[in-house]
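Down below is the structure, laid out as structure tokens.
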Amino acid sequence: EAGVVQSPRYKIIEKKQPVAFWCNPISGHNTLYWYRQNLGQGPELLIRYENEEAVDDSQLPKDRFSAERLKGVDSTLKIQPAELGDSAVYLCASSASGAYNEQFFGPGTRLTVL
Amino acid sequence: DAKTTQPNSMESNEEEPVHLPCNHSTISGTDYIHWYRQLPSQGPEYVIHGLTSNVNNRMASLAIAEDRKSSTLILHRATLRDAAVYYCIRGSQGNLIFGKGTKLSVKP
């Protein structure tokens, strides 16, 4: 069974440019998460979806970040415009419905903003 | 603060047991304790989780203190492939709140 797929794996952009990350969760997983991981830190949750509904986006910087999961399957996270401080690894995870089910993480997208 | 407290780093010898401690003194009665680990250049992977009782699975054991203010992840025989950052995580309102974790080094 395929795991969580993310693309691209690496992205280098200049500040003020837009960028988008894509995630395809494990088949049948209704819950999808986006995390940001800064160097030397643990992942921080940005947004959690239950099917197509964003049930927790309290940590998403809404002035520049947006996310969607239109059909309750794959998801896109966008940053516009990117800032230097956005350089990080962006991780997507999925789990079966229900609180605290095991989360399966993708390999992440490493974003570098110059 | 919902984050847990762990040592920054630990070392172990290959094929010896490893005990990774974690403090979560402000945990509430319904918060689970989760452990994930992250190998270099990979996303975190699930290790184990528990609420009150000790738990065992094929990867590790989790010992939770009776007052639930601390727990210990036990790797029974460390291998070189166990070298990773281990995160002790307190579950809160359905979310996992990661701290900085413990970087485990395994010496051959």
Side-chain angles (χ1 to χ4, degrees), chain A residues 2-10 21 23-26 29-51 53-60 77 88-111, chain B residues 1-9 20 22-24 27-53 55 57-60 62 64 71 73 84-104:
Chain A
V4 175
V5 179
Q6 291 188 248
S7 69
R9 289 296 313 277
Y10 304 91
F21 314 121
C23 172
N24 191 37
I26 291 173
H29 280 187
N30 295 327
T31 308
L32 183 145
Y33 311 78
W34 282 104
Y35 291 85
R36 177 171 59 189
Q37 185 171 26
N38 293 312
L39 190 64
Q41 307 292 317
E44 296 177 303
L45 180 69
L46 292 174
I47 190 168
R48 181 177 103 221
Y49 281 94
E50 295 289 347
N51 299 303
E53 181 183 359
V55 297
D56 187 346
D57 63 356
S58 58
Q59 301 304 310
L60 189 72
L77 177 69
V89 175
Y90 291 83
L91 293 160
C92 178
S94 70
S95 70
S97 291
Y100 303 134
N101 280 324
E102 177 182 350
Q103 293 187 25
F104 294 82
F105 285 78
T109 297
R110 181 177 296 277
L111 173 68
Chain B
D1 185 3
K3 293 184 180 178
T4 60
T5 303
Q6 300 177 253
N8 290 333
S9 62
L20 296 165
C22 178
N23 287 321
H24 30 80
I27 195 169
S28 73
T30 57
D31 288 348
Y32 277 77
I33 295 300
H34 305 255
W35 285 81
Y36 280 70
R37 71 180 186 181
Q38 188 171 23
L39 280 64
S41 300
Q42 295 186 25
E45 66 171 343
Y46 170 83
V47 177
I48 201 167
H49 77 283
L51 184 62
T52 56
S53 303
V55 185
N57 65 20
R58 64 176 180 80
M59 288 182 70
L62 176 59
I64 302 174
S71 61
L73 179 71
V85 176
Y86 285 78
Y87 295 100
C88 169
I89 303 161
R90 179 177 147 183
S92 177
Q93 299 179 336
N95 293 328
L96 300 179
I97 302 173
F98 287 78
K100 292 185 179 181
T102 296
K103 184 175 182 179
L104 175 67

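What you are looking at is a predicted structure, and each value in this text was computed from that prediction instead of being measured. Proteins come first, then strands; the chains are lettered A, B, ... in the order of their sequence lines, and each starts at number 1.
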Checklist entry - Between B/Leu96 and A/Tyr33, is a side chain to side chain contact (heavy atoms under 4.5 Å, CB included) present by the stated rule, with each step listed? => result CA-CA 10 Å; B/Leu96 300 179; A/Tyr33 311 78; over 6 Å; no

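Judged as a salt bridge (charged side-chain N to carboxylate O under 4.0 Å, His left out), and not counting sequence neighbours, the contacts of B/Arg37 are B/Glu45, B/Asp82. Looking at residues two or more places apart in sequence or on another chain, you find no salt bridge (charged side-chain N to carboxylate O under 4.0 Å, His left out) involving A/Glu102.
In terms of heavy-atom pairs under 4.5 angstrom with chain A, the leader among B/Gly101, B/Gly99, B/Gly43, B/Pro44 is B/Pro44. Note: A/Pro43 leads A/Pro107, A/Pro43, A/Ala93 in heavy-atom pairs under 4.5 Å with chain B. The greatest number of non-hydrogen atom pairs below 4.5 Å with chain B, out of A/Gly42, A/Gly40, A/Gly108, is found for A/Gly42. The candidate with the highest count of non-hydrogen atom pairs below 4.5 Å against chain A, out of B/Gln42, B/Gln38, B/Lys103, is B/Gln38.
Nearest heavy atom pair, residue B/Tyr87 against residue A/Gln37, reads OH-NE2, 3.2 Å.
Atom OH of B/Tyr46 is surrounded by more than 12 heavy atoms from other residues, nucleotides or ligands within 6.0 Å.
Contacts between A/Phe104 and chain B at a heavy-atom distance below 4.5 Å are absent for every atom of the residue. Heavy-atom distances place no part of A/Gln6 under 4.5 Å from chain B, backbone and side chain included.
Formation of a donor-acceptor pair under 3.5 Å by the B/Tyr36 side chain with backbone atoms of A/Gln103 is found in this model.
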